[in-house]
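Chain letters run A, B, ... following the sequence lines, proteins first and then strands; every chain starts at 1.
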Amino acid sequence: MRETTLTDMERLGAFDEAERTFQMTEEAFRVFYELTARPIRVYLSRMTGDDRLADDLLQETYYKFLRSNAAFESDDHRKNYLFRIATNLVHDHRRRPRVEVAASTATQEAVASPADAHSAERAAARIDLDRAMDHLKPRERSLLWLAYAQGWSHEEIATALGVKTASLKAMLFRARHRLAVILKNPGGRS
Amino acid sequence: MNSLECVHEARIVSAVLSGAWPGEDLALAAHTEYCEICREVVEVAVVLRADHEFARREVQVPVAGQVWWRSAVRARLESAQAATRPMTWLHGVTAAITIGIMLAGIGMAWPTIAEGVAWAREVVGPLVSNAEVSGVVSGVLRQSVLIALAAAACLVIAPVLLYFALSND
């Protein structure tokens, strides 16, 4: 198949065309992005352990969101849908064969910024948490983060992850217990 | 309370996430002393909340306009690719139809060509006394018709083959 490229004029035209193609206006997107970009970026970073990959997936998440034809009842519904896209992208990425294993974000941060005692302490805590999260399954990481970092209800998490609320309670219980045991005993396994 | 959840869990999570844990609610704090579920909720939520708060402050995200712009360009590019896909199919189908029509035409015209050759033999035969000469003439006529047909086929097929050979560049 011949590769299609865009001229500069076509790129400019894309900007005008976007509001017809996407499900929201640029102004509405800006407002929504300001509310959600940081939580989504942190979530992607914690789920992948790779900041560069999290940046790529952030762009991909918003692109898929803008191209979707879903109807939203509320801002919360819209936000849940965005997290669902992000979760699916992380899982898709995990299924692909990996060419190289990037150094974990926590390690990069720890090497890059131990300027003062507080940041060194934060970096150490981050490494501990990253190592603990590494022992969990991807879905366990997602639901623990959504429940205890984002503060979502069981129903919201079930919707975002595409599981039944009844199953979610059992999954959350097991994941929480595993993480608590690992955090108490960082060297061992649950 | 059941074995998987505690009725106080939501209140505890809410207090931790708002930064108000353990706060004024001493009864709730006391509850976590003997409720294993709530104790684990506190342990996990405090760590995740601290990490989340720190990361939220530190994380750098591109500006909204940049994400919008990249999405717009990508949408345009994908639309352009989607638009060229049917054209490629159309070219292939057109080429197949042209070849089919050409072969059908040759098949339909073949009896006429054969008749023409036979007629030429009849006309030339009496004029030339030597039977071998008339055989040679009719043979040449048949050959030249076949060569003309092959040349016509090449003229149609060659551009089509050339198109598909170069379409990846």
Part of A:Arg67 lying under 4.5 Å from any heavy atom of chain B: side chain

Option in B:Glu43, B:Arg49, B:Gln66, B:Glu58 with maximal non-hydrogen atom pairs under 4.5 Å from chain A: B:Glu43

Pair B:Glu9 + A:Arg176, salt bridge at N-O below 4.0 Å: yes

Pairwise distance NE2(B:His8) to SG(B:Cys35) - rounded to 0.5 angstrom: 7.5 Å

Options A:Tyr63, A:Tyr33, A:Phe173, ranked by heavy-atom pairs under 4.5 Å with chain B, top entry: A:Tyr63

Heavy-atom contact with chain B under 4.5 Å, split by part of A:Tyr148: both

Heavy-atom proximity to chain B below 4.5 Å, by part of A:Gln150: both

A:Glu60 with B:Arg74: basic N within carboxylate O range, under 4.0 Å: yes

Largest heavy-atom contact set with chain B, pairs under 4.5 Å, which of A:Pro39, A:Ala149, A:Ala180, A:Gly151: A:Ala149

A:Met133 to A:Trp145 - nearest heavy-atom pair and separation: CE-CE3, 4.3 Å

Atom pair CZ (A:Arg78) and CG (A:Leu82), whose distance is rounded to the nearest 0.5 Å: 10.5 Å

Validation row, ring centre A:Trp152 to ring centre A:Phe83 under 6.0 Å: yes

Engaged part of B:Gln60 at the chain A interface, taking heavy atoms whose separation is under 4.5 Å: backbone

Region of B:Val13 in contact with chain A, defined by heavy-atom distances below 4.5 Å: side chain

Exercise: identify the closest heavy-atom pair between A:Arg178 and A:His135: NH2-O, 2.9 Å

Residue, of A:Leu172, A:Leu66, A:Ile40, that accumulates the most heavy atom pairs under 4.5 Å with chain B: A:Leu66

Under 4.5 Å from a heavy atom of chain A, the part of B:Val63 involved: backbone

Options B:Glu53, B:Glu78, B:Arg39, ranked by heavy-atom pairs under 4.5 Å with chain A, top entry: B:Glu78

Interchain contact, A:Leu144 with chain B, by part (heavy-atom threshold 4.5 Å): both

With sequence neighbours excluded, residues passing salt bridge (Lys or Arg N to Asp or Glu O under 4.0 Å) with A:Asp55: A:Arg41

Under 4.5 Å from a heavy atom of chain A, the part of B:Ala10 involved: neither

Closest contact, heavy atoms only, A:Leu58 versus B:Pro62: CD2-CD, 3.8 Å

Interatomic spacing from CG in B:Leu48 to CG in A:Leu179 - rounded to 0.5 Å: 6.0 Å

Interface residue of largest heavy-atom contact number with chain B, from A:Arg174, A:His154, A:Lys169, A:Arg38, under 4.5 Å: A:Arg38

Engaged part of A:Ala147 at the chain B interface, taking heavy atoms whose separation is under 4.5 Å: backbone

